[in-house]
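Owing to the predicted nature of the structure, the values given are computational and were not obtained by experimental measurement. Reminder, nothing fancy here: chain letters follow the sequence lines and each chain counts from 1.
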There are 6 protein chains.
Amino acid sequence: MNTPLINQLGIVKRNIARAEREHVEHLGQLGSATVHEAMGRVGLLKPYLRPIYAGAQVVGTAVTVLLHPGDNWMMHVVAEQIQPGDIVVAAITAECTDGYFGDLLATSFQARGARALIIDAGVRDVKELQKMGFPVWSKAISSKGTIKATLGSVNIPVVCAGMLVTPGDVIVADDDGVVCVPAAKAPQVLEAARKRESFEGEKRAKLASGVLGLDMYQMREPLAKAGLRYID
Amino acid sequence: MNTPLINQLGIVKRNIARAEREHVEHLGQLGSATVHEAMGRVGLLKPYLRPIYAGAQVVGTAVTVLLHPGDNWMMHVVAEQIQPGDIVVAAITAECTDGYFGDLLATSFQARGARALIIDAGVRDVKELQKMGFPVWSKAISSKGTIKATLGSVNIPVVCAGMLVTPGDVIVADDDGVVCVPAAKAPQVLEAARKRESFEGEKRAKLASGVLGLDMYQMREPLAKAGLRYID
Amino acid sequence: MNTPLINQLGIVKRNIARAEREHVEHLGQLGSATVHEAMGRVGLLKPYLRPIYAGAQVVGTAVTVLLHPGDNWMMHVVAEQIQPGDIVVAAITAECTDGYFGDLLATSFQARGARALIIDAGVRDVKELQKMGFPVWSKAISSKGTIKATLGSVNIPVVCAGMLVTPGDVIVADDDGVVCVPAAKAPQVLEAARKRESFEGEKRAKLASGVLGLDMYQMREPLAKAGLRYID
Amino acid sequence: MNTPLINQLGIVKRNIARAEREHVEHLGQLGSATVHEAMGRVGLLKPYLRPIYAGAQVVGTAVTVLLHPGDNWMMHVVAEQIQPGDIVVAAITAECTDGYFGDLLATSFQARGARALIIDAGVRDVKELQKMGFPVWSKAISSKGTIKATLGSVNIPVVCAGMLVTPGDVIVADDDGVVCVPAAKAPQVLEAARKRESFEGEKRAKLASGVLGLDMYQMREPLAKAGLRYID
Amino acid sequence: MNTPLINQLGIVKRNIARAEREHVEHLGQLGSATVHEAMGRVGLLKPYLRPIYAGAQVVGTAVTVLLHPGDNWMMHVVAEQIQPGDIVVAAITAECTDGYFGDLLATSFQARGARALIIDAGVRDVKELQKMGFPVWSKAISSKGTIKATLGSVNIPVVCAGMLVTPGDVIVADDDGVVCVPAAKAPQVLEAARKRESFEGEKRAKLASGVLGLDMYQMREPLAKAGLRYID
Amino acid sequence: MNTPLINQLGIVKRNIARAEREHVEHLGQLGSATVHEAMGRVGLLKPYLRPIYAGAQVVGTAVTVLLHPGDNWMMHVVAEQIQPGDIVVAAITAECTDGYFGDLLATSFQARGARALIIDAGVRDVKELQKMGFPVWSKAISSKGTIKATLGSVNIPVVCAGMLVTPGDVIVADDDGVVCVPAAKAPQVLEAARKRESFEGEKRAKLASGVLGLDMYQMREPLAKAGLRYID
């Protein structure tokens, strides 16, 4: 069978269907908040995932890896499956804050063309990672290393920080968080996101001039209808 | 009735008694730690509220808003009540980390003269907020957007991050945290804070020269009395 | 008796056996992650301890202080026991996030030659501490001050962030976390850490050239043996 | 001045205006969930407050006490202010899980007529408290004792588990949580709660017979309007 | 399209492929720990999900519902899709502890044949639920009610407490936790679980007689090989 | 060397100096709160450790085991070192909530004479453990099993839930929590605890008769001196 189940152990899937490059790159220009809204306000990985340094903004296609607590063996297996433009999404089978990833693995990932790592655990060597320009969104930062003893899987569907990520999905990450767009939905999300974006400039100008959202969005009537009372 | 109760829903109070501007500005020069001490070590919002970027230091008068989880409708209502020098204090009726506030609302708040937002939930567009110089102290950063469906209130007393904030109170916020000074207490807190501050320079010089706090504060005797034993 | 028990109250031990300066300084050049690995992956203080500003990297010998929740009296007592090259390690007898330490105490500690503070609680004046170049690893940042009413101890063994720290132990701290090396183990840990370090440059070069860890570490065979299956 | 401010230290207010006994007792028959709904879904203390044993259901008028972390001195002061039918509501000036209260204090509180303790910290002797039939809603259970060194206050407004409690307010507590009804709102909340309650029996019978909420509450049309689609 | 995506909003799927009843019931006799092991140690919902009362042990087929924070509208929609032997699995689009479910909804669910509710949020009326014998595994208990304003979905794949649950999957829940077995894997998991189970009685008898696991599992040699040293 | 260091890996110490049986049993009659006070309010393991069922009260001598996250291999090694009257204290080298221990291991421990398990992680089979009368204090309950791959140690000093435990120390555990008394301190702690206990009955009788702690402990004067003001 070529379609692995979620959490199936001991599997490396080599061929995955990545979202189309053009959609991917355009989604990346829009930022995680806009993309999340365009998805209908779903798709966000839990906000406890934070960038290890501020200012990075990336987009890419997900290659996934499932690891055991305190064991980063599969990080070396996933490295081989990386193609330029990918983002590695790492899930753990139980809660863990250990440092699964440091400057050596980042060197390898970067050499393979990876743009970032999203990991529901910890990383280390954060100063070096910032110098290398290899961004990571993680749950923790920890010097604690890991062993290499137990099989996980690569490129199967995983749940990372509360969100299902399927290999090939689009990952948009910036200072506001990390959003996953299913590959099949990428075109329609892109269109919806662009529509949202196109109105932003005009709105910003109005608000900057002192126009209130109350008036711009015509909220006064529905607020009154809902029963809002003004008192002195 | 013109004095809304805490948590009363569906109310916007237009006229609030703000602390006197002069007291406000002077309190802002002293910093949250000094002001908190001058209050008798009360008044601090819980330390899980953190600035979205380092280095901001603000003071202002509170305008308050009570919101429901996942719903930022009242953010537009509070915008109209902002006067120059105000700080918006946002409380939520239940735990929530959603991103209630981004660059568009910040543009509007800034146009109205707001100096900052204190929110017991999440915000987004943090990179843009830093560029705009609009500081926020929040519980979370999250791309997750909100809906506009349920009434809350504006300018009623609220509990934000464990502290009662009454409209018009003085809010002092910096890298160390956020302190609320009741408007009526502002003059006496200011006086007490200044007294504390006036001794700091001299103390710092002594300590820098190697004098010990043990001697400067004459602690050796009370420590011995309390039973402290030195061994080799 | 000259050897205080863990958590014994009301004691200040003046003479402690510090790790040898040469070992200490060399360990500091290696970083917390390398030292932690060289220890056999033990010795790490829990990763909720975070630096109050990024980029600091320190090493030193531990002088310890045990404090009560909300009470920093013993901070002044420990100041007197600091020798140049020491790092103060502060444990609390119960969970607390109060701000035990600010710029005045930092001035005093720095004047005595302390290099850093590790504290399982909160600190304040973080902007000033960064300006002074006095790094702190803490559980929280909080404006909340403390009283001076209850005896703790100085230079007894303490548990700080889940790790036993004995006075004189080596503390290595950087952006990745804080590691404690027992004084007696310092020479052998140093040797093991250097061995690890010496191979890093070569490995990094190989990985940067595109060689996979799978091949460099000869993992393909053990992975296959463990049952890893590749599918298309 | 006879009206203490929130968090004012060193004050014991002897005369407080308790909600009317009749309203109090009737509210207690309705349970925290019904009362919370009747309040318009506000008034709930944070759900991390849990009963130390299951099955207790109490109502009473709040006498409040503000304590410092690790210090239960004021517990003895508040005991004197208890009148039969009161519930003690204890707030702490900072996060703390210490055991402020055990069987001795419970004996004293019970002798004074207190019905329960609500505390934003820890308690101990829980087996004895259950035997005595003295219920407690707390944040923690802990053997850790406290000192008696610092002044707090009694019968001032406090924030307990995120909710403002004013002396004399009605406290309704059961297995579902703890709700605070401001004394002035008690009559109207009681009326609203009774109205809710009166329909419950009929609804329950219908649902038990297999009628769907979809039909009973006529939700099919608004759901369809909102865009709900059924697929096979 | 008849196969909804994860998190797709506004959808109710009526026909789902439930795991075979026979496999389901047999899995329920084995308990969550045994089933989890038989799955290869995956499939567990996060352990913060706890039963609202001790002693319940259930098995059933999942019908799923996706809800918004603070909004339980879809609970009424899912009720109609329940068939006898089902367990409702409720996921929320963001963190929430509100009480989505009480005795009225439980009456309706029970009338439809539901055996339990698994919810990544809060519930209320827990005393009544225990009396009714309707077990719930939840993240919180809270009196806080919810509104009915926003569409979610029913019988789409959801992530609940960190685990993907697809409608029709087998849910095994007891005091130890909640495990999800994909419908397609049920037969093979059942077989593996039974094999594990069949050896348990014999092992227990040996251990009770004083035989050590070290000898029963022949661990002494591998431990020595791994380097374990005995000292006196 | 016969005295292992804290966290030293790969060691099993066979001969440990247990606290004297007579002191141990007497301490157990006093309960964790009284013993903790008699220690000078130190010695408590963090209160997140909770009993898996209510009502158990045990005392015993510590045999310790250090385990890796997700790996319970050493549980079988420690079983052999148990002597009648011991309590196993299990520490983990990193945060973990997995279920390390169930009814099979409990059968083995009980056959060896162990009275309880204290573990800074999770356990499972809690219904069976209660039936067997084998009490556990743990951080979590979880169906998640563990592997047997990595060496830890037995009977070395460990930090469990924030407290140093040395093999042979006295462990007192009940519904209020878990306290560790160093073996060398047992006699003096016992004496101090008995003194406390002897006054309790008399105090309880007085308080039950309505005497206030304020008078019984003569607190009125020190409170007045500290500045307490009564208002009406």
Engineer: Could you check which of E/G122, E/A111, E/G152 has the highest count of heavy-atom pairs closer than 4.5 Å to chain D?
Structural biologist: E/A111
Engineer: Which value, rounded to the nearest 0.5 Å, describes the distance between D/K203 atom NZ and E/L105 atom CG?
Structural biologist: 10.5 Å
Engineer: Rounded to the nearest 0.5 Å, how far apart are CZ of D/R41 and CG of E/D98?
Structural biologist: 9.0 Å
Engineer: When rounded to the nearest 0.5 angstrom, what is the spacing between CZ in E/R112 and CG in D/L207?
Structural biologist: 11.0 Å
Engineer: Please check if atom CD in D/E20 has more than 12 non-hydrogen atoms from other residues, nucleotides or ligands closer than 6.0 Å.
Structural biologist: no
Engineer: Which atoms of E/N155 are under 4.5 Å from chain D, going by heavy atoms: the side chain, the backbone, both sets, or neither?
Structural biologist: neither
Engineer: Mind ranking D/M216, D/E200, D/K206, D/K46 by heavy-atom pairs under 4.5 Å with chain E and telling me who comes out on top?
Structural biologist: D/E200
Engineer: About how many Å separate CD1 of E/I16 and CG of D/D232, when rounded to the nearest 0.5 Å?
Structural biologist: 12.5 Å
Engineer: With distance as the sole test, does E/T107 use its side chain to make a donor-acceptor pair with the main-chain N or O of D/A208 at under 3.5 Å?
Structural biologist: no
Engineer: Run the salt-bridge test on D/R220 and E/E80 with the 4.0 Å N-O cut-off and return the result as yes or no.
Structural biologist: yes
Engineer: Name the region of E/L151, side chain, backbone, both or neither, that has any atom closer than 4.5 Å to a heavy atom of chain D.
Structural biologist: side chain
Engineer: Does any heavy atom of chain E fall under 4.5 Å from the side chain of D/Y48, the backbone, both, or neither of them?
Structural biologist: neither
Engineer: Minimum heavy-atom separation for D/L44 and E/S143, please, with both atom names.
Structural biologist: CD1-CB, 3.5 Å
Engineer: Non-hydrogen atoms of chain D under 4.5 Å away: do they reach the side chain of E/T146, the backbone, both or neither?
Structural biologist: backbone
Engineer: Taking side-chain contact (heavy atoms from CB on, under 4.5 Å) as the criterion, tell me which of D/D176, D/D175, D/D174 meets it with E/D125.
Structural biologist: D/D176
Engineer: Pick one of side chain, backbone, both or neither for E/M75, based on which atoms fall under 4.5 Å of a heavy atom in chain D.
Structural biologist: neither
Engineer: About how many Å separate CD1 of E/I141 and CG of D/L49, when rounded to the nearest 0.5 Å?
Structural biologist: 13.0 Å
Engineer: To the closest 0.5 Å, what do you measure between CZ (D/R50) and OG (E/S142)?
Structural biologist: 9.0 Å
Engineer: Can E/W73 and D/L223 be said to form a side-chain contact (heavy atoms from CB on, under 4.5 Å), step by step?
Structural biologist: CA-CA 9 Å; E/W73 207 11; D/L223 282 164; 3.6 Å; yes
Engineer: Under the side-chain contact (heavy atoms from CB on, under 4.5 Å) criterion, do E/V77 and D/M219 qualify, and how do the steps go?
Structural biologist: CA-CA 9 Å; E/V77 179; D/M219 289 172 172; over 6 Å; no
Engineer: Count the heavy atoms belonging to other residues, nucleotides or ligands that lie under 6.0 Å from CD of D/E191, then report whether that count exceeds 12.
Structural biologist: no
Engineer: What part of E/A140 gets closer than 4.5 Å to chain D, counting heavy atoms only: side chain, backbone, both or neither?
Structural biologist: neither
Engineer: What residues of residues 27-40 of chain D sit under 4.5 Å from chain E when only non-hydrogen atoms are counted?
Structural biologist: D/S32, D/A33, D/H36, D/E37
